[in-house]
K.L.:
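The following block contains the structure, expressed as structure tokens.
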2 protein chains.
Amino acid sequence: MSGRQGAATSVVEDYVKVIYSHTEWQTDPITRSELAVRLGLAASTVTEMVKKLAALGLADHVPYGAVTLTEEGRALALRMLRRHRLIETWLVESFGYRWDEVHDDAEVLEHAVSDRLLEAISESLGDPVRDPHGDPIPAPDGTVVRPVGILLERAPIPFIGAVVRISDRDPALLQFLDGRGIRLDIVVEVVERRPFGGALVVRVAGVKSDLGAEAASSIWLSA
Amino acid sequence: MSGRQGAATSVVEDYVKVIYSHTEWQTDPITRSELAVRLGLAASTVTEMVKKLAALGLADHVPYGAVTLTEEGRALALRMLRRHRLIETWLVESFGYRWDEVHDDAEVLEHAVSDRLLEAISESLGDPVRDPHGDPIPAPDGTVVRPVGILLERAPIPFIGAVVRISDRDPALLQFLDGRGIRLDIVVEVVERRPFGGALVVRVAGVKSDLGAEAASSIWLSA
DNA sequence: GCTAACATTTCGGTATGCCGAAATCTCGTG
DNA sequence: CACGAGATTTCGGCATACCGAAATGTTAGC
């Protein structure tokens with residue numbers, strides 16, 4: 001039985017999704033402790049579950065080493081990201097959720113929606129290729145069209161670019177940025193960096209804002 | 001802690017829903033063995049869970065006796081029926097599901113959809129009061145507007161009435177009836193009963209059909 | 001190359017839901 | 001009113017997924 005389709009529980013789906021997500025915008029594989037933090041679980045639990053992922057053929061498991069996904073694991077992760085991001089888009093487009101409100105509902109629904117319903121939702125939205133935060137929505141076959149962009153934190157000064165992605169990790173941050181007019185496709189000008197590792201000063205629609213390290217490392221601008 | 005809101009797991013929700021549903025169209029309370037059959041579980045499992053329902057304040061539990069819901073249990077059951085039926089209606093209206101295809105998807109989604117999304121769905125449908133099978137959709141406050149009707153099986157002969165409800169218990173039956181033009185609001189004429197407990201003969205849109213006992217006990221006609 | 005700090009794993013335990021087999025109860029029938 | 005069929009409960013077990021404490025491995029800095 002080479003890892004039967006239906007075998008993945010919703011817990012397994014979450015692990016795989018988090019493992020994959022970590023490498024989506026940076027290269028180094030995720031550590032077990034970081035996995036534990038992201039999933040809100042004890043380290044010992046993660047150790048056990050990673051062994052199970054390996055047994056299911058979804059991850060390669062080197063004791064004390066890195067956690068990486070197999071081809072099959074990656075495929076499952078992409079299916080879950082498609083689900084998550086389509087559902088987020090749908091909540092915003094069809095039900096008027098704000099983009100900082102969708103995450104929790106999507107987190108639950110991504111495990112509950114049938115393939116049939118998911119594709120019906122995608123069709124009703126015109127088969128979008130990115131979600132409200134600018135994250136790419138993988139196609140049913142796993143193809144991903146990734147937006148090209150540089151992290152605001154690493155942008156040269158001065159710099160002008162449109163927002164192509166904002167990390168959806170922290171809803172409070174999303175609200176903060178929304179309040180300053182920073183949204184998808186908005187043009188941002190990087191004006192200066194305050195001395196001694198201080199905030200970045202950006203101009204949005206003529207108004208200047210200070211962005212701290214956390215914010216600056218959550219925003220990607222078009223190159 | 002008088003039975004905190006969030007305490008009900010999706011398993012508990014299913015038990016309560018099935019217990020309530022049984023009394024919706026007949027009066028006698030459900031037996032434990034029937035509960036087991038409906039939930040597809042062993043009798044011993046049901047015994048254990050019913051004790052848990054009692055501990056949660058959702059059911060009254062008399063050993064070897066009947067299973068009945070408390071006021072709180074009834075309220076939870078009505079919330080679950082609202083969810084189930086709104087979701088079924090939504091799948092049909094918004095995504096072109098056939099009425100005999102919605103049950104499984106709804107069964108999963110009813111536990112996953114947030115209150116906020118559910119009410120948004122209801123609003124988008126114009127706050128319907130019955131689902132595609134004619135079952136009443138309880139209001140958020142638990143109010144139910146039940147259609148008045150008599151079971152086709154018990155209709156006098158001859159009799160003419162519109163279909164006000166069709167039991168959604170068996171999708172195959174729904175398809176069978178659909179194939180004979182028997183749908184919600186369709187006018188049905190009960191023509192005769194074949195002798196010795198035989199089938200009922202009905203006329204729908206000028207065409208006669210034989211309906212066996214199972215079908216005849218699944219259709220309600222307006223009085 | 002030793003060692004402390006940190007990451008990871010092992011181990012014993014818990015809660016939830018489920019099962020089958022065996023024991024027990026209920027109730028209609030004789 | 002005793003009895004047996006059928007319903008119900010009890011009991012020991014299992015799988016999943018979680019935890020904390022203790023043991024073990026890794027690695028950076030001296």
Side-chain angles (χ1 to χ4, degrees), chain A residues 1 3-19 22-23 28-69 73 76 80 107-108 110-112, chain B residues 1 3-19 22-23 28-69 73 76 80 107-108 110-112:
Chain A
M1 319 291 140
R4 301 136 309 165
Q5 283 281 43
T9 71
S10 99
V11 171
V12 166
E13 290 173 347
D14 278 336
Y15 276 82
V16 167
K17 192 184 63 174
V18 171
I19 295 168
H22 184 265
T23 53
D28 51 318
I30 194 169
T31 64
R32 284 159 169 69
S33 30
E34 198 168 339
L35 240 189
V37 170
R38 278 267 220 292
L39 291 163
L41 301 173
S44 55
T45 304
V46 169
T47 294
E48 285 167 355
M49 284 305 298
V50 167
K51 275 192 283 191
K52 170 169 281 186
L53 293 186
L56 289 170
L58 297 170
D60 290 318
H61 164 248
V62 182
Y64 297 99
V67 184
T68 53
L69 294 176
L76 175 58
M80 294 316 296
E107 202 68 37
V108 177
E110 66 188 12
H111 303 294
Chain B
M1 314 287 140
R4 302 137 311 166
Q5 282 281 42
T9 73
S10 99
V11 171
V12 166
E13 291 173 347
D14 278 335
Y15 276 81
V16 167
K17 193 184 62 174
V18 171
I19 295 169
H22 184 265
T23 52
D28 50 318
I30 195 168
T31 64
R32 285 157 168 71
S33 31
E34 197 167 341
L35 239 188
V37 170
R38 275 269 220 291
L39 290 163
L41 301 172
S44 54
T45 304
V46 170
T47 295
E48 284 167 354
M49 284 307 298
V50 167
K51 275 193 284 190
K52 170 169 283 187
L53 293 186
L56 288 171
L58 297 170
D60 289 318
H61 164 249
V62 182
Y64 297 99
V67 184
T68 52
L69 294 176
L76 176 58
M80 294 315 296
E107 203 66 36
V108 177
E110 66 188 11
H111 304 294

K.L.:
Can you check the B/Arg32 CZ to D/dG6 C1' distance for me, whole Å?
P.N.:
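Answer to the nearest Å: 15 Å.
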
K.L.:
Using a 4.0 Å heavy-atom cut-off, does B/Ala42 contact any base of the nucleic acid, only the sugar-phosphate backbone, or nothing at all?
P.N.:
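Result for B/Ala42 = sugar-phosphate.
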
K.L.:
Counting the atoms with a prime plus P, OP1 and OP2 as sugar-phosphate, which does A/Gly65 contact under 4.0 Å by heavy atoms, base, sugar-phosphate, or nothing?
P.N.:
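No contact.
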
K.L.:
With the side chain of A/Ser33 defined as its heavy atoms from C-beta on, choose the nearest nucleotide among D/dT10, C/dA7, C/dG17.
P.N.:
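Selected nucleotide: C/dA7.
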
K.L.:
With distance as the sole test, does B/Arg32 use its side chain to make a donor-acceptor pair with the main-chain N or O of B/Gly65 at under 3.5 Å?
P.N.:
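Judged by distance alone, yes, a pair lies under 3.5 Å.
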
K.L.:
For D/dC11 and B/Ser44 - does any side-chain N or O of the residue sit under 4.0 Å from the phosphate oxygens OP1/OP2?
P.N.:
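No, outside the criterion.
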
K.L.:
Look up atom OG1 in A/Thr68 and atom CG in A/Leu58, then write down how far apart they are to the nearest 0.5 Å.
P.N.:
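Going from OG1 on A/Thr68 over to CG on A/Leu58, the span is 12.0 Å.
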
K.L.:
Which sits closer to the 5' end of DNA chain D, A/Tyr15 or A/Pro63, going by the nucleotide each is nearest to?
P.N.:
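Looking at DNA chain D, the more 5' nearest nucleotide goes with A/Tyr15.
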
K.L.:
Within less than 4.0 Å of OP1 or OP2 of C/dT10, is there a side-chain N or O belonging to A/Lys51?
P.N.:
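For C/dT10, OP1/OP2 do have a side-chain N/O of A/Lys51 under 4.0 Å.
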
K.L.:
Between D/dG20 atom P and A/Leu41 atom CG, what is the distance in whole Å?
P.N.:
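Interatomic distance, CG of A/Leu41 to P of D/dG20: 11 Å.
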
K.L.:
For a side-chain contact (heavy atoms from CB on, under 4.5 Å) with A/Tyr15, tell me which candidate from A/Met49, A/Lys52, A/Arg38 qualifies.
P.N.:
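With A/Tyr15 as partner, side-chain contact (heavy atoms from CB on, under 4.5 Å) holds for just one option, A/Met49.
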
K.L.:
Rounded to whole Å, how long is the line connecting atom NE2 of A/His61 with atom C1' of D/dG25?
P.N.:
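These atoms are roughly 13 Å apart.
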
K.L.:
What is the distance, rounded to the nearest whole Å, between atom CD1 of B/Ile30 and atom P of D/dT8?
P.N.:
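Distance, rounded to whole Å: 10 Å.
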
K.L.:
Just N and O in the side chain of A/Thr47: are any of them under 4.0 Å from OP1 or OP2 of C/dT10?
P.N.:
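A/Thr47 to C/dT10 OP1/OP2: no side-chain N or O under 4.0 Å.
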
K.L.:
Indicate whether OP1 or OP2 belonging to C/dC18 is found under 4.0 Å from a side-chain N or O atom of B/Thr45.
P.N.:
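So the side chain of B/Thr45 is outside the cut-off, no N or O lying under 4.0 Å from OP1 or OP2 of C/dC18.
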
K.L.:
What closest approach, in Å, do A/Met80 and A/Glu110 show between heavy atoms, and which atom pair accounts for it?
P.N.:
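Here A/Met80 and A/Glu110 meet closest at CE-O, 3.7 Å.
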
K.L.:
Tell me whether the OP1 or OP2 atom of C/dA7 has a side-chain N or O from A/Thr31 closer than 4.0 Å.
P.N.:
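No, because none of the side-chain N or O atoms of A/Thr31 sits under 4.0 Å from OP1 or OP2 of C/dA7.
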
K.L.:
For A/Glu48 and C/dT8, what is the distance between atoms CD and C1' respectively, to the nearest whole Å?
P.N.:
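A/Glu48 atom CD is separated from C/dT8 atom C1' by 12 Å.
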
K.L.:
Is any side-chain N or O of B/Tyr64 closer than 4.0 Å to OP1 or OP2 of D/dG6?
P.N.:
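No, no such contact exists.
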
K.L.:
Just how far, in rounded Å, is P of D/dC19 from CE of A/Met49?
P.N.:
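Taking CE of A/Met49 and P of D/dC19, I get 12 Å after rounding.
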
K.L.:
If I take atom CG in residue B/Leu53 and atom P in nucleotide C/dG17, what distance separates them, rounded to the nearest angstrom?
P.N.:
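Between P of C/dG17 and CG of B/Leu53: 10 Å.
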
K.L.:
Whole-Å distance between D/dT9 P and B/Lys52 NZ?
P.N.:
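After rounding, the gap between these two atoms is 16 Å.
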
K.L.:
Does the A/His22 side chain pair with the main chain of A/Asp28, one donor and one acceptor, at a distance under 3.5 Å?
P.N.:
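Yes, A/His22 side chain to A/Asp28 backbone: donor-acceptor pair under 3.5 Å.
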
